[in-house]
Amino acid sequence: QVQLVESGGDLVQAGESLRLSCISSGSKLRFDAMGWYRQAPGKERELVAAITRGSTSYADSVKGRFTISRANAKNTVYLQMNSLKPEDTAVYYCNAEQRHPYSAVYWGQGTQVTVSS
């Protein structure tokens, strides 16, 4: 079975940086899209960044500060987070999507990022 495992979450001070990693297992397919979502207490889960084979996209709140990337021919994705702010505090979830040979969506269990002021 396909599994996504996140790592890299930590407690940091405002202005510092973190790099999150998401490593998949159980599939040799290259996912059509991978991304990062986050959910803060009492709020809905929101898309932070996504990457396909040819493009990337970001939420307005993280543009210029976060960078998503993936390893070549690997179902591994990273999220470099710079200039962290207290409002970035949330559980960050890895997401992956495939279209062929059938459609499927996968989620990781999340990693906690806490930014102190």
Side-chain angles (χ1 to χ4, degrees):
Q1 292 183 326
V2 174
Q3 290 184 311
L4 305 177
V5 180
E6 305 97 332
S7 64
D10 205 351
L11 170 63
V12 299
Q13 297 181 26
E16 295 183 342
S17 299
L18 283 174
R19 189 182 74 160
L20 305 183
S21 298
C22 174
I23 301 175
S24 68
S25 63
S27 177
K28 293 186 177 181
L29 296 173
R30 188 170 189 268
F31 295 120
D32 293 282
M34 298 188 73
W36 290 93
Y37 287 72
R38 68 185 181 188
Q39 186 167 24
K43 298 183 179 180
E44 296 183 353
R45 189 172 299 186
E46 63 174 343
L47 176 64
V48 176
I51 185 167
T52 66
R53 289 188 175 92
S55 65
T56 59
S57 62
Y58 299 91
D60 288 341
S61 60
V62 306
K63 287 181 179 178
R65 299 189 297 119
F66 291 10
T67 302
I68 188 170
S69 62
R70 66 192 299 177
N72 291 334
K74 299 286 186 179
N75 287 327
T76 301
V77 66
Y78 306 96
L79 185 67
Q80 179 66 44
M81 305 186 293
N82 297 328
S83 302
L84 284 163
K85 304 175 180 179
E87 50 263 44
D88 295 319
T89 296
V91 177
Y92 284 71
Y93 298 91
C94 182
N95 166 271
E97 180 179 341
Q98 68 179 49
R99 291 293 186 179
H100 297 93
Y102 55 89
S103 296
V105 178
Y106 307 100
W107 291 93
Q109 295 299 306
T111 184
Q112 177 70 48
V113 173
T114 302
V115 185
S116 63
S117 60

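- Donor-acceptor pairing under 3.5 Å is lacking for the side chains of Asn95 and Glu97.
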Audit row: Tyr78, Ile68, side-chain contact (heavy atoms from CB on, under 4.5 Å) steps and yes/no: CA-CA 6 Å; Tyr78 306 96; Ile68 188 170; over 6 Å; no
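- Checking side-chain atoms of Ser55 against main-chain N and O of Thr52 turns up no donor-acceptor pair under 3.5 Å.
- In this structure, Arg70 and Asp32 approach most closely via the heavy-atom pair NH1-O, 4.4 Å.
- In this structure, Gln109 places its CD atom where only 12 or fewer heavy-atom neighbours from other residues, nucleotides or ligands lie under 6.0 Å away.
- Interatomic distance, CE of Met81 versus OH of Tyr92, reported as 5.5 Å (0.5 Å rounding).
- Through chains of ILVMFWY side-chain contacts below 4.5 Å, Tyr93 is grouped with Tyr37, Leu47, Val91, Val105, Trp107.
- Smallest separation of non-hydrogen atoms from Ser24 and Leu4: CB-CD2, 3.5 Å.
- When Val62, Thr111, Leu79 are each tested for a side chain to side chain contact (heavy atoms under 4.5 Å, CB included) with Arg38, only one passes: Val62.
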Step-by-step side-chain contact (heavy atoms from CB on, under 4.5 Å) determination, Phe31 to Val77: CA-CA 11 Å; Phe31 295 120; Val77 66; over 6 Å; no
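- Summarising the geometry of Ser17 relative to Gln80, their closest heavy-atom pair is CB-NE2, 4.0 Å, with the distance given to 0.1 Å.
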Verdict with reasoning, Leu20 to Val113, per side-chain contact (heavy atoms from CB on, under 4.5 Å): CA-CA 9 Å; Leu20 305 183; Val113 173; 4.1 Å; yes
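- Cluster annotation: Val2 and Ile51 are assigned to the same hydrophobic cluster (Ile/Leu/Val/Met/Phe/Trp/Tyr, side-chain heavy-atom contacts under 4.5 Å, transitive).
- Shown here for Cys94 and Met34, the closest heavy-atom pair between the two residues is SG-CE, 4.2 Å.
- Asn75 CG to Ile23 CD1: the interatomic distance, rounded to the nearest 0.5 Å, is 11.0 Å.
- For the 3.5 Å distance criterion, the side chains of Thr114 and Gln112 qualify, holding a donor opposite an acceptor.
- Within 6.0 Å of CD in Gln3 there are 12 or fewer heavy atoms belonging to other residues, nucleotides or ligands.
- A salt bridge does not link Lys85 to Asp88: none of the charged side-chain nitrogens sits closer than 4.0 Å to a carboxylate oxygen.
- Considering all non-hydrogen atoms of both residues, Ala40 and Ala90 come closest at N-CB, 3.9 Å.
- Within the 3.5 Å criterion, the main-chain N or O of Gly110 finds a donor-acceptor partner in the side chain of Glu6.
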Evaluation steps, side-chain contact (heavy atoms from CB on, under 4.5 Å), between Phe66 and Trp36: CA-CA 11 Å; Phe66 291 10; Trp36 290 93; over 6 Å; no
